[in-house]
Amino acid sequence: MTPYKLGFLQQPKQLKGVYARVFSFVSNHNTNSIEKTTMADARNFEFQIYNSMTKQKEKFKPIVPGKVSMYVCGVTSYDFSHIGHARAYVAFDVLFRYLKHLGYEVKYVRNFTDVDDKIIKRANELGEDPLSLSGRFCQEFLTDMNDLQCLPPNEQPRVSDHMDQIRDMIQKIIDNNCAYAVDGDVYFSVDNFPNYGRLSGRKLEDNRAGERIAVDSRKKNPADFALWKAAKPGEISWESPWGPGRPGWHIECSAMSVTYLTETFDIHGGGMDLLFPHHENEMAQSCAACPNSNISYWMHNGFVTANDEKMSKSVGNFFTIREVTKLYHPLALRHFLMGTHYRSPVNYSIAQIEISSEAVYYIYQTLEDCASAISQFQEEINSSAKKYTITDDAKKCISSLRSHFEEKLSDDLHTPTILNAALQDALRLMNKILSMLKKKLQKPQKLSFIQSLIELEKEVKDVLDVLGLLSSSTYTEVLKQLKEKALKRAELTEENIQQRIEDRALARRNRDFELGDQIRSDLTSKGIALMDVGSETIWRPCVPVEQSAKSSDGPLPGQPDTTDSQQTELSKSADVTKP
């Protein structure tokens with residue numbers, strides 16, 4: 001039986017040197033490669049974001065100095081949310097966090113579409129009240145967002161609670177001669193709005209009619225879209241001047257954004273798939289209702305594919321956040337999503353999520369070991385009248401991390417470079433210092449190392465916090481959770497692994513090194529790495545890798561670099577609990 005329930009995402013036979021390329025986890029890393037900067041060299045960078053309206057990066061300048069207003073289109077709540085949703089809301093959570101980090105007071109609004117054709121269809125299939133069904137999946141979405149450590153927006157309005165605002169806006173659009181009523185329906189007239197297509201760059205004749213509905217012969221132009229839909233028999237509806245019905249898809253965001261952020265605000269975000277027709281129509285509605293309406297920056301995140309194919313239920317590669325986090329820690333999913341720039345397409349695969357899972361484990365194991373070392377000397381540091389200075393390497397590393405963090409996030413939220421470069425330098429230096437502390441050192445030197453760890457840990461935690469990768473759980477709890485997920489993927493229990501550790505120990509005592517190697521290789525192929533620490537053998541999660549991949553590419557981080565037959569004597573003195 002395959003250890004993966006997500007069978008449509010196949011584990012590749014080899015991960016050719018992928019860890020060496022991505023992380024280069026080497027305990028004796030040459031810290032001289034850290035950029036030669038000092039704390040005084042750190043400078044500020046102008047925050048720039050890509051504006052979908054102008055098709056270029058622009059310096060961010062809020063309408064009201066020191067304050068930012070931001071609206072992001074939310075989910076249509078009729079089912080569990082998928083990783084395409086996760087991609088969008090993690091991206092805008094990073095934006096939210098970074099704006100706050102820069103000192104802005106941010107008002108973040110993200111809506112729920114709880115009235116929609118798909119909701120009504122699903123509710124009818126289940127024999128459930130549409131608002132009850134949508135309310136249930138709104139809550140499931142919030143659970144997913146909490147798991148992914150997305151901060152809650154300031155406001156999370158629902159369509160069903162804003163019918164008055166929606167009807168008022170539709171009436172304004174009619175009064176301004178940009179909409180017309182037909183048999184209880186109300187349509188937006190694109191012919192009467194000259195700027196239609198300005199956001200997406202589409203010409204009117206190129207627009208596809210009826211994105212979510214069939215073409216209606218009553219329309220004056222096939223591209224006209226519904227602002228209000230007349231109620232069909234048995235459907236949920238609300239009263240209006242045009243008869244009972246419900247809002248069209250686009251009008252809801254126009255009405256709710258103006259309700260919470262006024263006609264002019266700073267940022268409007270969503271997935272690339274919303275650029276047209278949703279955001280194009282939304283902008284047209286808002287401007288037709290209020291000529292002063294203006295949004296300074298439109299931001300859109302890229303698509304998610306699975307094994308280089310667009311996600312689709314029809315081809316069986318469409319899956320939910322909940323399916324992924326059943327087998328992988330939510331932090332691993334978040335890390336994976338931030339490993340690609342938010343505007344670029346991101347390809348989901350087992351290989352990639354495994355790499356992110358390993359990266360998160362490495363981060364938290366380093367922080368756990370760092371905290372353990374600090375705790376042994378914390379009282380001595382606190383009680384000492386002398387202020388111990390941090391090492392030059394630590395000073396340079398902290399300065400480099402601060403500078404790169406601000407530079408890359410200020411450059412349109414370029415998270416991949418932070419995860420795979422500056423942050424890794426800091427973690428490697430922390431592990432180097434931890435290794436040095438195991439040697440016999442003079443007290444001043446040892447306490448200088450400890451002070452360096454204290455400062456490095458603080459800086460790394462600050463970065464992780466802004467990226468949303470700093471869990472509210474303890475380091476130990478996160479490591480335990482990561483190991484539990486690894487056991488689940490491998491379809492093993494702690495007892496199973498302990499039995500195999502004992503079997504391997506017996507084989508080694510009998511000098512049956514081939515069997516010992518086979519036991520270790522079998523576990524490695526399932527994502528379980530065995531490490532010999534003195535006379536004890538422990539385990540940790542790793543990337544599942546076939547023996548052929550290991551032999552061709554060398555050991556992966558966290559794995560011994562020799563076979564049992566080669567390392568019997570070496571392992572007695574080697575501490576390989578760290579990559």
Determine whether the aromatic ring centres of Tyr78 and Phe137 lie less than 6.0 Å apart. no
So, does Ser357 use its side chain to make a donor-acceptor pair with the main chain of Ile353 at under 3.5 Å? no
Is it true that atom NZ of Lys55 has more than 12 heavy atoms of other residues, nucleotides or ligands lying nearer than 6.0 Å? yes
Side-chain touch Met283/Trp298, heavy atoms, less than 4.5 angstrom: yes
Can a donor-acceptor pair be found, under 3.5 Å and without considering hydrogens, that links the side chain of Thr262 to the backbone of Thr264? yes
Within a reach of under 6.0 Å around CD of Gln56, are more than 12 heavy atoms found that belong to other residues, nucleotides or ligands? yes
Quick one, Tyr342 and Tyr50 - any side-chain contact, counting heavy atoms below 4.5 Å? yes
Measure the shortest side-chain to side-chain distance between Ile267 and Phe60 over non-hydrogen atoms and say whether it is less than 4.5 angstrom. yes
Is the ring centre of Phe405 less than 6.0 Å from the ring centre of His101? yes
For the NZ atom on Lys107, are there more than 12 heavy atoms of other groups (residues, nucleotides or ligands in this structure) within a distance under 6.0 Å? yes
Once you round to the nearest 0.5 Å, how far does CD1 of Ile321 lie from CG of Asp147? 9.0 Å
Do the side chains of Glu140 and Arg322 get close enough for a salt bridge, i.e. N-O under 4.0 angstrom? yes
Using the rule given for salt bridge (charged side-chain N to carboxylate O under 4.0 Å, His left out), can you reason through Glu128 versus Arg136, listing the C-alpha separation, both sets of side-chain angles and the distance that settles it, and then say yes or no? CA-CA 11 Å; Glu128 188 174 352; Arg136 179 159 54 86; 2.8 Å; yes
Passing candidate, side-chain contact (heavy atoms from CB on, under 4.5 Å) with Arg334, options Leu467, Val360, Val94: Val94
When you measure from the side chain of Thr143 to the backbone of Gln139, do you find a donor-acceptor pair of N or O atoms at a distance under 3.5 Å? yes
So, Asn111 side chain and Pro157 main chain: donor-acceptor pair closer than 3.5 Å or not? no
Taking the six-membered ring for Trp, are the ring centroids of Tyr260 and Tyr71 within less than 6.0 Å of each other? no
Looking at Phe112, does the NZ or CZ of Arg158 lie under 6.0 angstrom from its six-membered ring centre and within 45 degrees of the ring axis? yes
May I ask you to say whether Asp93 pairs ionically with Arg97, meaning some side-chain N is under 4.0 Å from a carboxylate O? yes
Please report the C-alpha distance between Thr320 and Val324 in whole Å, then the side-chain angles of each, then the deciding distance to 0.1 Å, and finally whether the side chain to side chain contact (heavy atoms under 4.5 Å, CB included) criterion is met. CA-CA 7 Å; Thr320 66; Val324 177; over 6 Å; no
Under 6.0 Å between the ring centres of His279 and His250? no
Salt bridge or not between Asp117 and Arg246? Use side-chain N to carboxylate O under 4.0 Å. yes
Rounded to the nearest 0.5 Å, how far apart are CG of Leu131 and CD1 of Ile119? 8.0 Å
Side chain to side chain, Tyr180 and Asn192, heavy atoms closer than 4.5 Å: no
For the rings on Phe319 and Tyr348, is their centre-to-centre separation under 6.0 Å? yes
Under the side chain to side chain contact (heavy atoms under 4.5 Å, CB included) rule, what do Asn301 and Met272 come out as? Steps first, then yes or no, please. CA-CA 5 Å; Asn301 62 275; Met272 191 67 71; over 6 Å; no
Trace of the side chain to side chain donor-acceptor pair (under 3.5 Å) decision for Asp144 with Tyr89: CA-CA 11 Å; Asp144 286 337; Tyr89 303 123; over 6 Å; no
Do NZ/NE/NH1/NH2 and the carboxylate oxygens of Lys326 and Glu323 come within less than 4.0 Å? no
Do Cys178 and Ser189 come within less than 4.5 Å of each other through their side chains, counting heavy atoms only? no
Can you check whether Tyr328 and Phe336 have ring centres sitting under 6.0 Å from each other? no
Are any non-hydrogen side-chain atoms of Met338 and Leu419 less than 4.5 angstrom apart? yes
Check Asp191 with Lys220, please: is the shortest side-chain N to carboxylate O separation under 4.0 Å? no
Does Thr113 use its side chain to pair, donor to acceptor, with the backbone of Thr76 at less than 3.5 Å? no
Let me see the working for Trp242 and Ile174 under side chain to side chain contact (heavy atoms under 4.5 Å, CB included), right down to the final yes or no. CA-CA 11 Å; Trp242 320 284; Ile174 293 174; 3.4 Å; yes
Quick one: which of His162, Arg167, Lys229, Met163 gives a side-chain contact (heavy atoms from CB on, under 4.5 Å) with Pro247? Met163
Quick one: pull up CZ in Phe276 and OG in Ser52 and give me the separation to the nearest 0.5 Å. 15.0 Å
Arg198 with Glu280: basic N within carboxylate O range, under 4.0 Å: no
So that I can tick it off, tell me whether Glu354 and Arg489 are bridged by a salt bridge, with the cut-off set at under 4.0 angstrom between side-chain N and carboxylate O. yes
Full working for side chain to side chain donor-acceptor pair (under 3.5 Å) between Ser254 and Gln285: CA-CA 7 Å; Ser254 291; Gln285 294 162 161; 2.9 Å; yes
Test item: Asn420 side-chain N/O and Thr417 main-chain N/O as donor-acceptor pair under 3.5 Å: no
CA sep, side-chain torsions, deciding dist, call: His82, Val304, side chain to side chain contact (heavy atoms under 4.5 Å, CB included): CA-CA 10 Å; His82 52 72; Val304 177; over 6 Å; no
Calculate, to the nearest 0.5 Å, the distance between atoms CD1 and OG belonging to Ile83 and Ser81 respectively. 12.0 Å
Evaluate the criterion salt bridge (charged side-chain N to carboxylate O under 4.0 Å, His left out) for residue pair Lys121 and Glu125; output intermediate values, then yes/no. CA-CA 6 Å; Lys121 183 176 182 293; Glu125 291 171 352; 2.7 Å; yes
Do you see a donor-acceptor pair shorter than 3.5 Å between the side chains of Thr54 and Tyr297? no
Tell me whether the centres of the aromatic rings in Phe225 and Tyr187 are closer together than 6.0 Å. no
ring-ring contact (aromatic ring centres under 6.0 Å, His included) evaluation trace for Phe47 with Tyr98: CA-CA 10 Å; Phe47 183 34; Tyr98 191 57; 5.5 Å; yes
A side-chain contact here means heavy atoms from C-beta on lying under 4.5 Å apart; do Phe265 and Val109 qualify? no
Donor-acceptor pair, Tyr364 side chain versus Ser471 backbone, under 3.5 Å? yes
Say whether, by atom type as modelled, one donor and one acceptor occur between the side chain of Ser200 and the main chain of Leu275 under 3.5 angstrom. no
Looking at Gln156 and Arg110, would you say the former's side chain and the latter's main chain have a donor-acceptor pair under 3.5 Å? no
Do side-chain atoms of Asn154 reach the backbone of Tyr108 as a donor and acceptor pair under 3.5 angstrom? yes
Lys/Arg-Asp/Glu bridge criterion (N-O < 4.0 Å) met for Lys67, Asp266: no
Can you find a heavy atom in the side chain of Asn146 that is under 4.5 Å from one in the side chain of Leu142? no
When rounded to the nearest 0.5 angstrom, what distance separates CG in Asp168 from NZ in Lys172? 7.0 Å
